[in-house]
Amino acid sequence: MLPPNYADGISSPPVMTNGSEYVSARTISFNVFPIDEIPDPNNSLINIFLLQAIGNDLSSPAESDPPVQCCVNGEVVPNAPSQCFPVSVASDDSLYSWFNIRCLNYVRVRTSSQPAQPVQQINSASGLLDLSFLYGTSVAQSNRLRAFSGGRLQAVRRNGVEWPPIDPAGCSWSNVCYLVADRRSYQSPMSATVHLLFLREHNRLANQLRLLNTNWSDEVLFQEARRINVAQYQYIVYYEYLPRVLGRENMISERLIFEGTGFASDFNAFQNPSPLGEFGGVLVPYMQSQLPGSINSYINGTVQSTPLSSLVGNLESLESMFSSFFIGLTTQSTNLMDSRFSIEWKNFMYRGNEALGQDFLALDIQRMRDFGFARYNDYRLRCGLSRFASWEAYNATFKLACPKTIDKLRLYYPSVDDLDLFVGAAFEEPIAGSLMGPTFFCLFKQQFLATRAGDRYFFEAGGQEGSFTAAQLTEIRKIRLSRLMCNGLPTVLKVQSDAFSPVTQNVQDARMECSGKDCVFDVEPKNDEKFPEISIVQRNPPRLLSMIKISAHLKLCNERTDNREKKFASEKKVLCLDDPAYSIQYLSFFGQYLYSIGKIRDSIRFLEAAKSKCAKDDVPQEISQLLNEAYEKMGHFVDTELNVLCWEMDLFETNDSRSVSCEVIDGKLVAKRYFKKGDVIFVDKPIVGYAKPSRFQCNYCALKTLYAIPCSKFCEVHYCSVECQGKDKHYHKYECRGFRLQYNPVVENVLALRMLVKALDILKQNLSLRQRSHKKRVTPQMLWEVLCEDHPHSADFRQIFQSCTCDHFLEQKELYHSVLHTLMQLMYYIMNDNLLLQDYEICWKGMNGIKRDLFMESVLLRLLFLTKSQVCRFNYDLDFHKTEFEAMLQAIGTDICGEKHVFVLGMAQYCGMYRFQMEMKPSPKNYNSVFV
């Protein structure tokens, strides 16, 4: 707002009116600003962490690159670089002197300069309220974060919820490094929560838009989801958060917000929307007075407090304790916003294993001097306020007259004209309805007037390119932070309608149910029950509203699929492979083509598939003749019983196949060496498993092939041979419809559905070994007992079941909530499809439908929990040699360009459920390796 106050007019740090240097920022921090914490009953902890996100969005001073150390082992380094500006620590400092610390490291931020002009600090942020901490500030950064599929941002699903992927480059600012646009978003589990809310909301919006607009490209979906996400964020900032800081009436009178339903008309093309340096450099540091010195987490009805310094830079517990942190953000109060700061903020930040850490308040004051902000009295004049001529006049502005504070200020500042902006404004009495005094209110007001009036894409701006429609604007104004929490946090059962106001755990009536959720789950399994899953399902019946929503979603998927298939059929873009005649025609023609280009083994697969679909005495002569010729050239195709994951060359055609020995360590499978590129990997056959849908890999045995046989119903599931297709049919027929409908509860839980089929197979076999009395009533408990009987064919299954108990449910409540949510969606699909219920009708003979469903749900409950927590995933590239690739490209009239010899056609994944808990991932060296 004002020109900088540099001593030399260019870049030298400010000096006082008598020419002397300002007193050390540490001295001001320690002696002027008291250490104290007074809770504010009106504001929940989410306030301060949303404010930090807003600060990150608007301001990101460019740091020195590479990093510079000005202060090492508590001493200023000799011949320090010119950008060094360390905070000096007095020899009699009450804390640091005990540890021989004489300075705190501070490096001046990077600047741009013009001849004979004051330097300007470089702001790496976009400077707009546009979620740059989520999307980045450049196309390159944004592309690094995008999934480029369905308009989504990259996210990894663990325990049923989405998290940012781990950054393969690593980092030095945290013990867990997530791939995010702004590392400051993940300084602590609390700040990470805000980022996660908007990450999951973006992906939720992208998914919804994709359902409604099936013809939209990834780019359109991404940009539209981003546009809506940013608009919702802007609404929350202006209409929910800022009124708590500035006062709603004050904001209306200053035209920061508007009452009414239409568009705002305050956009000004001449308004510079760039953020004020004072916002990120002065206002945000002042508002850290709200930050408590300890953060509460709520676990099993108890409250545990953790020092703030122990959480900053420590993200190891983010995922495992996420629910506890979230409850703390909406339950714990902030401190009052005033001149008092916590002892943690002023002495222990980023201490690691040391006794003392950094004084963040002192470092903030040092940064203000680095920026050269004008003096306090100058800002008062700029804001139309009176200039103080004496200490007595200044003291009259205090909330409470405090002679001791004035005496300290007199000691460090020769006159009231020398007061730092931060120091002078911090003690002002707040104006009516606001948390801030008049000077800070003025700065805050100027910042957020410029942010909205200078942004042509601001959500309320009308008549601009990209403006929302009136109907869309009405929907955006319905959003609340509490709604985002319900959307993005599956375990949120209830949250207060105003998430910015704290509600104690005991005041449950003040919380509203997340209406978008299915029900408020009873999450306490009874450990004394023999089959607790049964009572869990009984205590959590599906609500009518939930079932209506699931039904509507499945109906929408059906309609969308029918329309898509009718369109493809009318345009003759696809063959209807479930029609026997078309299927035989397709398989035989493609088999003949493969034979003609020398792909004998692949041609046998297709010709055998075509033959299998013909009646025994009605096989076309050309198919039989060509098959016989192929057999003579190749020898009969021998189908192996191995479950194979291979790349580089087809099985049996590589000279570089070696066995890889593995061992089980702490219940996890670990390879004893790295796999080398080109190795053929033989993986133990799991109890159930499948390869994620790919056109270049067998869904059953995972064999890689450029020419795979499609499923007759769903053309994204393929097989290497008719034998594999037949073996997989026992499982695939129950999930096939879900794939065709693109019904996510099925697509994302294939392993659980296959485990259910396996469980019913075991139940069916065990029932056949005993004499069932038809007179005795069959109960869900009885079926569980039969399922868990000791028979050789069910040993693997029982061992898996024993690794999941009620204790596991209680330890992983977030995953448990997610499973209960998914359970209803899958059960509705099973009942609607009806195929599985018919095939295993013998299992529930003598039971009514309600008890049958109760048994099915109770089994599926445990299977979902198991497959979400103990699944084995093996990721690898599907790559092909140039020689293999050429023939396929020639078929479509395309030539290979360039000198590449290996073509990667995508990332593949094999999922399996084993007796032991393990996880297989690619190695950090980009080999195809198995490791924990």
Side-chain angles (χ1 to χ4, degrees), residues 36-55 188-198 235-248 284 286-308 311-312 318 321-338 340-342 344-345 430 433-436 479-489 491-515 517 520 813-814:
D36 195 6
E37 297 187 53
I38 300 177
D40 180 355
N42 298 316
N43 288 295
S44 63
L45 203 55
I46 193 70
N47 283 266
I48 185 61
F49 289 104
L50 180 66
L51 162 26
Q52 290 181 359
I54 296 168
S188 71
M190 298 77 68
S191 58
T193 301
V194 177
H195 179 276
L196 280 166
L197 282 176
F198 291 102
Y235 180 83
I236 289 169
V237 170
Y238 273 83
Y239 285 86
E240 280 202 280
Y241 172 68
L242 289 182
R244 310 188 69 82
V245 178
L246 303 178
R248 179 174 177 81
V284 173
Y286 169 69
M287 297 173 76
Q288 303 305 313
S289 61
Q290 288 186 301
L291 193 56
S294 60
I295 304 298
N296 294 341
S297 54
Y298 298 79
I299 303 173
N300 297 331
T302 63
V303 181
Q304 298 180 10
S305 294
T306 305
L308 178 65
L311 293 172
V312 174
L318 171 62
M321 294 183 60
F322 186 70
S323 294
S324 301
F325 289 124
F326 170 76
I327 294 173
L329 287 174
T330 56
T331 304
Q332 184 178 358
S333 297
T334 66
N335 292 334
L336 289 175
M337 190 186 297
D338 55 21
R340 289 167 288 213
F341 291 81
S342 73
E344 287 282 306
W345 192 253
S434 170
L435 301 179
M436 296 181 165
I479 197 66
R480 296 291 182 272
L481 182 63
S482 55
R483 181 70 262 159
L484 250 65
M485 291 174 172
C486 289
N487 289 344
L489 308 175
T491 58
V492 174
L493 308 180
K494 287 187 176 183
V495 65
Q496 58 268 37
S497 57
D498 181 3
F500 292 102
S501 295
V503 175
T504 63
Q505 278 192 304
N506 297 325
V507 187
Q508 293 298 325
D509 290 341
R511 293 177 179 263
M512 68 169 190
E513 293 183 9
C514 288
S515 57
K517 299 297 172 188
V520 180
K813 282 190 176 181
E814 186 168 334

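Worth knowing before you read on, the calculation uses all heavy atoms, side chains too, and leaves out hydrogens, waters and symmetry mates.
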Test log, rule side-chain contact (heavy atoms from CB on, under 4.5 Å), inputs Asn43 and Met337: CA-CA 10 Å; Asn43 288 295; Met337 190 186 297; over 6 Å; no
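- Looking at Leu196 and Phe322, their side chains come closer than 4.5 Å, going by heavy atoms from C-beta outward.
- Using a distance-only test at 3.5 Å, with no hydrogens or angles considered, no donor-acceptor pair links the side chain of Ser188 to the main chain of Val312.
- A search for side chain to side chain donor-acceptor pair (under 3.5 Å) contacts involving Gln332 returns nothing, not counting sequence neighbours.
- Closest heavy-atom contact between Tyr235 and Ile479: CE2-O, 3.4 Å.
- A donor-acceptor contact shorter than 3.5 Å is absent between the side chain of Glu240 and the backbone of Phe500.
- Judged by distance alone, with hydrogens and angles left aside, the side-chain atoms of Ser44 form a donor-acceptor pair with the main-chain N or O of Ala499 at under 3.5 Å.
- The two residues Tyr238 and Pro243 come nearest to each other via the heavy atoms O-CD, 3.2 Å.
- The shortest heavy-atom contact between Leu435 and Tyr286 is O-OH, 4.5 Å.
- Expressed to the nearest 0.5 Å, how far CZ of Arg480 lies from OH of Tyr239 amounts to 11.0 Å.
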Evaluation steps, side-chain hydrogen bond (donor to acceptor under 3.5 Å, both in side chains), between Asn296 and Ser305: CA-CA 4 Å; Asn296 294 341; Ser305 294; 2.7 Å; yes
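- Of all heavy-atom pairs spanning Leu197 and Met485, the tightest one is CD2-CA, 3.7 Å.
- Listed for the Glu344 side chain is no donor-acceptor partner under 3.5 Å among the backbone atoms of Ser294.
- Expressed to the nearest 0.5 Å, how far OG of Ser501 lies from CG of Asp40 amounts to 9.5 Å.
- Residues that satisfy the ring pair (Phe, Tyr, Trp, His ring centres under 6.0 Å) test with Phe198, not counting sequence neighbours, are Tyr233.
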Using the rule given for side-chain contact (heavy atoms from CB on, under 4.5 Å), can you reason through Thr334 versus Ile46, listing the C-alpha separation, both sets of side-chain angles and the distance that settles it, and then say yes or no? CA-CA 8 Å; Thr334 66; Ile46 193 70; over 6 Å; no
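- The closest side-chain heavy-atom distance from Ile54 to Val284 is not below 4.5 Å.
- Under 4.0 Å is where a charged nitrogen must lie from a carboxylate oxygen, and between Arg244 and Asp498 at least one such pair does.
- Between the Ser482 side chain and the Val495 main chain, no donor and acceptor come within less than 3.5 Å of each other.
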Test log, rule side-chain contact (heavy atoms from CB on, under 4.5 Å), inputs Met436 and Val245: CA-CA 7 Å; Met436 296 181 165; Val245 178; 4.0 Å; yes
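- For Ser434 (side chain) and Pro430 (main-chain N/O), no donor-acceptor pair under 3.5 Å exists by modelled atom type.
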Could you walk me through whether Asn335 and Glu37 satisfy the side-chain hydrogen bond (donor to acceptor under 3.5 Å, both in side chains) test, starting with their C-alpha distance in whole Å, then the side-chain angles of each, then the deciding distance to 0.1 Å, before giving a yes or no? CA-CA 6 Å; Asn335 292 334; Glu37 297 187 53; 3.1 Å; yes
Do Leu291 and Phe341 pass the side-chain contact (heavy atoms from CB on, under 4.5 Å) test, and can you show the C-alpha distance, the side-chain angles, and the key distance before you say yes or no? CA-CA 8 Å; Leu291 193 56; Phe341 291 81; over 6 Å; no
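- Put simply, CG on Leu318 and CZ on Phe325 are 7.5 Å apart, with the number rounded to the nearest 0.5 Å.
- With rounding to the nearest 0.5 Å, the separation of CG in Leu311 from CE in Met321 is 8.5 Å.
- For the pair Gln52 and Ser191, the tightest heavy-atom approach, listed with the atom from each and the gap, is OE1-CB, 4.3 Å.
- Listed here is the closest heavy atom pair of Leu336 and Pro39: CG-O, 4.1 Å.
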